[in-house]
Asks: 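Could you have a look at this structure, given as structure tokens, before my questions?
What's counted below: heavy atoms across the whole structure, side chains too, no hydrogens, waters or symmetry copies.
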Amino acid sequence: MGIISHLMYPWGLLFQGAAIVHFIKRRPAGYWLCVILALGPLGAIIYLMMEAVPDVGLLGHSFKIFPRRKRIARLKIAILDNPSAGNYEELGELYMEDGKLQLARDAFDKAISARGDTLDAFYRRGVCAIQLGDSRAALTDLERVVQKDPKFDFQRAAGLLAHAYALTGEKRKAEALFREVTLTSTSSETYLNFAALLASEGRNSEAREWAKKVLNKKPTMPGYLRRRERPWFRSANAVMKRLPA
């Protein structure tokens, strides 16, 4: 390995550095860190080929940051002449993609005020509210959406409504809706939000069961889905470690 490291200097160090940074950010199986450190540049290259290259598809969202911000700037100018519901709604969606939730929420407020009555505007405003910690405000929007379309966004709207009920103390309504949604939905987000509700009531065994359902999906998932679900797998593992068996 020493010969390979010498031949690849200084690129080998760059490969190792890139591999370690990717490992820290994505947190794949722990044995990969041993591969990177023990095999040096060769291990780093193997890791990058097996783990980082397949992740490129998941980074498409990040690569769109500059076109997205250019579109935001153009929309803000267009709104000066045409403050339509459609323009505000598109602006809100772009702000959500950019992680600017309060600006997105404000844009959806204006879209709805401008007689925008699409379920998507109410749904996205509700999502922004719940992610900003304003669960009570989210209730009105999410209830409106779920009442008109219970399966909106593959039942994520209903799952988030159940979560909002739980966060605002309406735990019976939350549990009833969680149980209804999870009859057909396999969303890891919904499973873990349900687990959080159960844990808050001291029902640790049941909470662990729902966290385990998330982990049980991992062995049969194709690689690209496992990569996308990694944050949920980490959350599920954290639940299993935190709650006594």
Side-chain angles (χ1 to χ4, degrees), residues 20-34 51 54-55 58-59 61 96 99 101 123-124 126-139 142-143 145-146 150-245:
I20 290 171
V21 169
H22 184 276
F23 177 88
I24 292 171
K25 288 185 175 181
R26 301 296 296 169
R27 298 185 193 177
Y31 64 79
W32 278 117
L33 185 59
C34 297
E51 289 289 330
D55 274 355
L58 300 178
L59 297 176
H61 174 81
M96 281 187 80
L101 296 177
Y123 169 63
R124 291 179 183 276
V127 172
C128 289
I130 204 168
Q131 291 182 354
L132 287 166
D134 192 356
S135 303
R136 192 160 297 280
L139 281 177
L142 294 174
E143 282 178 332
V145 173
V146 173
K151 296 185 178 181
F152 193 89
D153 196 12
F154 302 99
Q155 293 184 283
R156 186 179 182 227
L160 287 175
L161 176 58
H163 187 44
Y165 282 141
L167 293 174
T168 53
E170 299 186 62
K171 294 189 176 183
R172 286 189 179 181
K173 291 176 73 173
E175 180 169 352
L177 186 52
F178 271 130
R179 293 200 181 278
E180 179 184 338
V181 172
T182 52
L183 287 175
T184 51
S185 171
T186 59
S187 164
S188 297
E189 178 184 40
T190 301
Y191 283 5
L192 289 171
N193 284 338
F194 191 15
L197 168 64
L198 295 167
S200 73
E201 297 182 326
R203 298 157 66 181
N204 292 347
S205 178
E206 292 177 77
R208 285 174 59 87
E209 286 180 14
W210 285 99
K212 193 172 182 180
K213 286 178 185 287
V214 175
L215 297 174
N216 286 344
K217 295 190 291 181
K218 188 174 182 179
T220 58
M221 275 185 171
Y224 77 95
L225 280 180
R226 284 200 301 271
R227 292 183 185 90
R228 192 179 68 185
E229 290 279 298
R230 272 178 186 162
W232 300 120
F233 293 146
R234 289 199 293 268
S235 297
N237 277 316
V239 171
M240 299 294 285
K241 291 177 182 178
R242 185 175 70 252
L243 300 178

Asks: Would you check if I130 and L167 make a side-chain contact, meaning some heavy-atom pair closer than 4.5 Å?
Replies: yes
Asks: Got a second to check how far L198's CG is from L243's CG, nearest 0.5 Å?
Replies: 10.0 Å
Asks: Could you check whether the rings of F194 and F178 sit parallel, tilted or perpendicular, using 30° and 60° as the cut-offs?
Replies: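 Parallel: the ring planes of F194 and F178 meet at under 30°.
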Asks: Between T168 (side chain) and Y165 (backbone), is there a donor-acceptor pair under 3.5 Å?
Replies: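 Answer holds: yes.
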Asks: Provide the closest heavy-atom pair for P150 versus Q155 in the form atom of the first, atom of the second, distance.
Replies: O-CG, 4.1 Å
Asks: Which pair of heavy atoms, one from A211 and one from A236, lies closest together, and at what distance?
Replies: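 It is O-CB, 3.6 Å.
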Asks: Say you draw a straight line from NZ of K151 to OG of S185; how long is it, rounded to the nearest 0.5 Å?
Replies: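 Reported to 0.5 Å precision, the distance equals 11.0 Å.
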Asks: Working to the nearest 0.5 Å, report the span between CG of L161 and OG1 of T190.
Replies: 11.0 Å
Asks: Taking all non-hydrogen atoms of both residues, which atom of L142 and which atom of A164 are closest, and how far apart?
Replies: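 The pair with the smallest heavy-atom distance is CD1-CB, 4.5 Å.
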Asks: Identify the heavy atoms of A158 and V181 that sit nearest to each other, and give their distance.
Replies: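 Nearest heavy atoms, A158 then V181: CB-CG2, 3.5 Å.
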Asks: Looking at side-chain heavy atoms only, is the closest gap between W210 and L192 below 4.5 Å?
Replies: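 No, side chains not in contact.
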Asks: Name all residues meeting the side-chain hydrogen bond (donor to acceptor under 3.5 Å, both in side chains) criterion together with Q131; count only those two or more places apart in sequence or in a different chain, and write none if there are none.
Replies: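 Expected list: none.
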Asks: Side chains of S187 and R156: closer than 4.5 Å at any heavy-atom pair?
Replies: no
Asks: If I take atom OG from residue S135 and atom CD from residue E170, how far apart are they, to the nearest 0.5 angstrom?
Replies: 11.0 Å
Asks: Would you name the heavy atoms of A174 and A166 that are closest together and state the gap between them?
Replies: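 Taking A174 first and A166 second, the nearest heavy atoms are CB-N, 3.5 Å.
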Asks: Please report the interatomic distance CZ(R227) to CZ(F233), rounded to the nearest 0.5 Å.
Replies: 11.5 Å
Asks: Of all the heavy-atom pairs spanning P219 and R226, show the shortest one and how long it is.
Replies: O-NH1, 4.4 Å
Asks: If a pair satisfies salt bridge (charged side-chain N to carboxylate O under 4.0 Å, His left out) and one of its residues is in residues 203-219, list it, with sequence neighbours excluded.
Replies: E175-R203, R179-E206, E201-R203, R203-E206, K217-E229
